[in-house]
Amino acid sequence: MKIAPSILSADFARLGQEAAAMQDAGADWLHLDVMDGDFVPNITFGPPVITSLRPYTSITFDAHLMIRQPHKYIEQTIAAGADIVTFHLEADSPVRETIAQIRAGGVRAGISVSPDTPASAVFDYLELVDMVLVMTVYPGFGGQKFMPEMLPKISGIRERAAQLNLKLDIQVDGGITKDTIAECAVAGANVFVAGSALFGKQDYAAAVAEMRAAAEF
Ligand code: DX5
Ligand code: ZN
C-alpha cells in the first residue's frame, strides 16, 4: 500500500519544504498534478517546477498529467525527475506510443481514467502499464467529494488484472480521506492520493499514519 500526498493542496510558495516535510512524515510517493487549462479547467505547473523540486527530496515523484497532448511532454517530465508518469486515456495522444515513450525514458508508466470512462477502456493496456489511476472525482481541482460510484470500476480492473496474473498498481485520486480510503482498498486499490486530507492538516505525520491505518482492512 502506498500513500501519495498531492501537492495541489500544498503551499505553492514553499513547495520544496512542503515536499520534504511529507517525506519526513512517512509518505511513500509525492503526487504531482500537472494541468494545462485545456484538458482540465485549471492550470498548475509543469516540468520546470518538478525540476526545481527534485533536489528537496528523494521521495518517488508520481506525475499525473492532466494535459491535452501528453506525448509532447513525456521526455521533459522524465528529465525533470518524475519516477512514474501517468496520462489520461481521454487525452489526444496515441496510447500505446505514449506508454512506449514513458518506458523508453526508463520510468514507470500509468494510464488514468476520468469518471465517465468505463473500466473496460483500460483492459487492452493492462499488460503494458505499471499502474492504472481511477479518478474518483472529475479531474481539475482538489477538495471535491468522493464518487462512490467509481468503486465497481476499481474492482473490475482489479479482477481483470488478477485474471491476467498482473501485479498492477491501482491508484485512486479525488476525495480520498480517512473515511473513504477503506472502501477503495476493499475494492482493490493499493495507491492512495490525497491532497486536502493530508496537506490540509497541521500534523502531516499524524495525517499520513491515520490514512494508512484506515486503509488496512
Ligand atoms: C484532482 C487531482 C488530485 C487532487 C486531489 O484533479 O488529480 O490529485 O489533488 O485532491 P483531494 O485529495 O483534495 O480530492
Ligand atoms: Zn492527481
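Order of listing sets the numbers, starting from 1, for every ligand and every atom in it.
- Within D173, the N/O/S atom positioned nearest the Zn ion (ligand 2) carries the name OD2.
- Between D33 and H31, the side chains place a donor N or O and an acceptor N or O closer than 3.5 Å (distance only, hydrogens not considered).
- One finds the CG atom of L8 at 9.0 Å from the CG atom of D173 (value rounded to the nearest 0.5 Å).
- Considering backbone and side-chain N/O of S9, none are found under 3.5 Å from N/O of ligand 1.
- For the residue pair E18 and Y204, a side-chain donor N or O sits within less than 3.5 Å of a side-chain acceptor on the partner.
- In summary, the atoms of ligand 1 found under 4.0 Å from a heavy atom of D33, numbered by their order in the structure, are 2 (C), 3 (C), 4 (C), 7 (O), 8 (O), 9 (O).
- When the N, O or S atoms of H64 are ranked by distance to the Zn ion (ligand 2), ND1 comes first.
- Below 3.5 Å of separation, one finds an N or O of S196 facing an N or O of ligand 1.
- More than 12 non-hydrogen atoms from other residues, nucleotides or ligands lie less than 6.0 angstrom from CD of E97.
- Looking only at protein heavy atoms, the nearest one to atom 10 (O) of ligand 1 is G142 CA, 3.4 Å.
- Considering backbone and side-chain atoms together, G195 places an N or O closer than 3.5 Å to an N or O of ligand 1.
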Could you walk me through whether I84 and V107 pass the side-chain contact (heavy atoms from CB on, under 4.5 Å) test, one step at a time? CA-CA 6 Å; I84 303 166; V107 302; over 6 Å; no
Can you check side-chain contact (heavy atoms from CB on, under 4.5 Å) on H64 and V34, steps first, answer last? CA-CA 6 Å; H64 176 194; V34 176; over 6 Å; no
Under the criterion salt bridge (Lys or Arg N to Asp or Glu O under 4.0 Å), I'd like the reasoning laid out for K72 against D92: C-alpha separation, chi angles, the key distance, then a yes or no. CA-CA 10 Å; K72 292 192 177 169; D92 290 344; over 6 Å; no
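- Of the protein's non-hydrogen atoms, the one nearest atom 1 (C) of ligand 1 is F141 O, 3.5 Å.
- Side-chain atoms of D62 and Q171 include a donor-acceptor pair closer than 3.5 Å.
- Restricting D33 to its N/O/S atoms, the shortest distance to the Zn ion (ligand 2) is reached by OD1.
- Of all protein heavy atoms, the one lying nearest to atom 5 (C) of ligand 1 is D173 OD1, 3.5 Å.
- Each of the atoms 6 (O), 7 (O) of ligand 1 lies under 4.0 Å from some heavy atom of M66.
- Considering M150, E90, M135 as possible partners of V113, the one that fulfils the side chain to side chain contact (heavy atoms under 4.5 Å, CB included) test is E90.
- In this structure, atom 9 (O) of ligand 1 lies nearest to the protein heavy atom S6 OG, 2.8 Å.
- Between Q23 and T57, the side chains place a donor N or O and an acceptor N or O closer than 3.5 Å (distance only, hydrogens not considered).
- Shortest contact from atom 6 (O) of ligand 1 to any protein heavy atom: G140 N, 2.7 Å.
- Not close to ligand 1: V137, with no non-hydrogen atom less than 4.0 angstrom away.
- Side-chain contact annotation: Y73 with D36, donor-acceptor N/O pair under 3.5 Å absent.
- Remark: ligand 1 and M35 share no N or O pair separated by less than 3.5 Å (distance only, no angle test).
- Among the atoms of G174, none of the N or O lies under 3.5 angstrom from an N or O of ligand 1.
- Here is the list of ligand 1 atoms found below 4.0 Å of a heavy atom in H31: 8 (O).
- Contact atoms of ligand 1 toward P139: 6 (O) (distance under 4.0 Å to a heavy atom of the residue).
- Between G175 and ligand 1, an N or O atom pair is found at a separation short of 3.5 Å.
- Within a 6.0 Å sphere centred on OH of Y56, other residues, nucleotides and ligands contribute 12 heavy atoms or fewer.
- For ligand 1, the atoms sitting less than 4.0 Å from at least one non-hydrogen atom of A194 are 12 (O), numbered in the order shown with element in parentheses.
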